[in-house]
Amino acid sequence: MTQWFTEAFRSEFEKQAAQLGRFNLAVFGKTGVGKSTLINAIFGEPVAATGIGDPVTLDTHLYLDTRGTLGLIDTRGLEIGRDDGELIKEVTKYVKQMRTRPVAEQIHVAWYCVRGMDRRFEEVEGTFIRTLHDLGIPVLMVFTQVPMREGHYHPDAVELARQIEAKQLPIVGGRPFMTYAMRDQFTGQPPYGLMDVLQATFHVVPEAVQGALTAAQTIDLAAKQAAAQRHINATVAAAAGAAAVPIPFSSAALLVPMQLAMMGRIAHLYKVPIDRAALLAAASTGVATSLGRTAAANLLKFIPGAGSIAGGVINASVASGFTLAMGQAWLTVCQRAAAGKLPTTVEGVVDSAAVKHLFEEEFRKRMPTIRKKDDQ
């Protein structure tokens, strides 16, 4: 049973990954402007100087580094303001090649980063931004490391922003986004502006990759929860439509894949790795099966004609109610996992017994027909 479940969950997990696709972000700017820090802050990815793993060489100096639902496109060895011609050539070549390929392989948006306190913006930088726009790539200009005090940005950054706005560059919103990505331990300057950048990015990316962007980012937890809830609701509706038997993970050939797919999608949204997700799912669904039988039995006791046509209707109702409870309980497990708040053993391994207890408590809240033995 355990091996079957693990294989089935992994299969649905991979299907959900394919459906979510990948959000590809191109990040440009001069060396030292804080691109990696910005990416770390919004996506929670440890971006080292050479990336993670082995990036794919798109051209001589253009690289794609994939991390699940996030693809980072960056340049290596070229400096804007010095090698603009070569960089424009490579980006243009890549964009034209990718236009005939699936959406998940294209550049969806570009962030052009400028250190807000540099006090200068070169004309060649404007030319590069216009080139990206002409290639059909939305461009956000992000001012990095801009000090702010009592709600006021540093005047040097404000003046630089004014000069850039006067150039009427084709940038999203027509203005730079002021940010400070990481708290300064010396001055106490808190981070700010990251949500503005993320929301503006959401507004310009294709609808087909918004799910991938939701999963990839780590700062807008409300967006993750809303996406998870939409998927839960869709699965609940599908379960009711299928009029499946109320006992999950047994002979419910239609209901089981729906529920596993729901669990896989939510795990992706919260960036729970497949090995950990499979472990958590196995611990949770063992409880779900037992509680599902109890819920169905308790309900059917009070329904006249449960074995007749009315019984078929009740079966569908129980299946949808069970799926809703299961989805909400699993959502809580994934949220705790993403926040690093699941109990662990002395060896540092996630405590399966604690996960079972958490899932059961959350499940019971949403299936009031289940009573503990002490209450019966």
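Below, each value reflects all heavy atoms present in this structure, side chains not excepted, and no hydrogens, waters or symmetry copies. Here the structure is a predicted model, which means the values were calculated and not measured.
- Between E360 and R364 there is a salt bridge, since at least one side-chain N of the basic residue sits less than 4.0 Å from a carboxylate O of the acidic one.
- Ring pair Y192/Y180 is parallel by interplanar angle, where below 30° counts as parallel and above 60° as perpendicular.
- T144 contributes atom OG1, which lies 7.0 Å from atom CZ of R115 (distance to the nearest 0.5 angstrom).
- With hydrogens and angles disregarded, a donor-acceptor distance shorter than 3.5 Å links the side chain of H268 to the backbone of F13.
- Remark: the backbone N or O of A104 is paired with a side-chain donor or acceptor of R22 at under 3.5 angstrom.
- The environment of R276 atom CZ is sparse: at most 12 non-hydrogen atoms of other residues, nucleotides or ligands sit within 6.0 angstrom.
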For this session: Give the intermediate values and the outcome of side-chain contact (heavy atoms from CB on, under 4.5 Å) for residues Y112 and K35.
Result: CA-CA 9 Å; Y112 190 88; K35 294 178 289 183; over 6 Å; no
Exercise. Could you walk me through whether F143 and Y153 pass the ring pair (Phe, Tyr, Trp, His ring centres under 6.0 Å) check?
Worked result: CA-CA 11 Å; F143 273 16; Y153 303 122; 9.5 Å; no
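- Of all heavy-atom pairs spanning M178 and A161, the tightest one is CE-CB, 3.8 Å.
- A salt bridge is defined here as a Lys NZ or Arg NE, NH1 or NH2 lying under 4.0 Å from an Asp or Glu carboxylate O, and D156 with R120 fails to meet this definition.
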For this session: Check step by step if side-chain contact (heavy atoms from CB on, under 4.5 Å) holds for L72 and L70.
Result: CA-CA 7 Å; L72 294 173; L70 174 66; 4.0 Å; yes
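- Not one N or O on the side chain of H154 forms a donor-acceptor pair closer than 3.5 Å with the backbone of P147.
- No donor-acceptor distance shorter than 3.5 angstrom exists from the side chain of K271 to the backbone of A338, with no hydrogens or angles considered.
- Of all heavy-atom pairs between L331 and A228, the closest is CD1-CB, 3.8 Å.
- Comment: R162 engages E159 in a salt bridge, judged by a side-chain N to carboxylate O separation of less than 4.0 angstrom.
- Annotation for P138 and V109: closest pair O-CG2, 3.4 Å, computed over non-hydrogen atoms.
- Counting only distance, with no hydrogens or angles, the side chain of S11 and the backbone of E7 share no donor-acceptor pair below 3.5 Å.
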Exercise. Could you walk me through whether E122 and K30 pass the salt bridge (charged side-chain N to carboxylate O under 4.0 Å, His left out) check?
Worked result: CA-CA 11 Å; E122 299 181 40; K30 292 182 177 180; 2.4 Å; yes
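- In this model, a donor atom of one side chain and an acceptor atom of the other lie less than 3.5 Å apart for R265 and Q19.
- Taking 4.0 Å as the cut-off between side-chain N and carboxylate O, R366 and E362 count as a salt-bridged pair.
- To the nearest 0.5 Å, atom CE of residue M98 and atom CD1 of residue I107 are 9.0 Å apart.
- Checking Q189, Q185, R183 one by one against T187, the side-chain contact (heavy atoms from CB on, under 4.5 Å) holds for a single residue, Q189.
- Of the possible donor and acceptor atoms, one in the side chain of Q106 sits under 3.5 Å from a partner among the backbone N and O of R101.
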Problem set entry | side-chain contact (heavy atoms from CB on, under 4.5 Å) assessment of V91 paired with T131 | CA-CA 9 Å; V91 172; T131 300; over 6 Å; no
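- Figure legend: R130 and F128 shown without cation-pi pairing, the cationic atom not lying both under 6.0 angstrom from the six-membered ring centre and within 45 degrees of its axis.
- Both L194 and V27 belong to a common hydrophobic cluster when Ile, Leu, Val, Met, Phe, Trp and Tyr are linked at side-chain heavy-atom distances under 4.5 angstrom.
- Note on V204: it clusters hydrophobically with L198, by side-chain heavy-atom contacts below 4.5 Å among ILVMFWY residues.
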For this session: List the steps, then state whether side-chain contact (heavy atoms from CB on, under 4.5 Å) holds for Q225 with Y270.
Result: CA-CA 9 Å; Q225 182 162 339; Y270 284 89; 3.8 Å; yes
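- In terms of hydrophobic clustering, with Ile, Leu, Val, Met, Phe, Trp and Tyr side chains grouped at heavy-atom distances under 4.5 Å, M117 and V114 are assigned to different clusters.
- In terms of modelled atom types and a separation under 3.5 Å, the side chain of K224 and the main chain of L269 share a donor-acceptor contact.
- A side-chain N or O of Q199 and one of D220 form a donor-acceptor pair less than 3.5 Å apart.
- In terms of heavy-atom proximity, V33 sits nearest to C113 at CG2-CB, 3.7 Å.
- Under the 4.5 Å side-chain heavy-atom criterion for ILVMFWY residues, a single connected hydrophobic cluster contains both L38 and F43.
- Across A261 and E12, no two heavy atoms sit closer than the pair CB-OE1, 3.6 Å.
- Nearest heavy-atom pair across Q229 and L324 is NE2-CD1, 4.5 Å.
- F359 and L279 fall into different hydrophobic clusters, where Ile, Leu, Val, Met, Phe, Trp and Tyr are joined by side-chain heavy atoms under 4.5 Å apart, directly or via other members.
- Judged purely by atom type and a 3.5 angstrom limit, W330 uses its side chain to pair as donor or acceptor with the backbone of M263.
- Judged by distance alone, the side chain of T37 and the main-chain N or O of A181 form no donor-acceptor pair under 3.5 Å.
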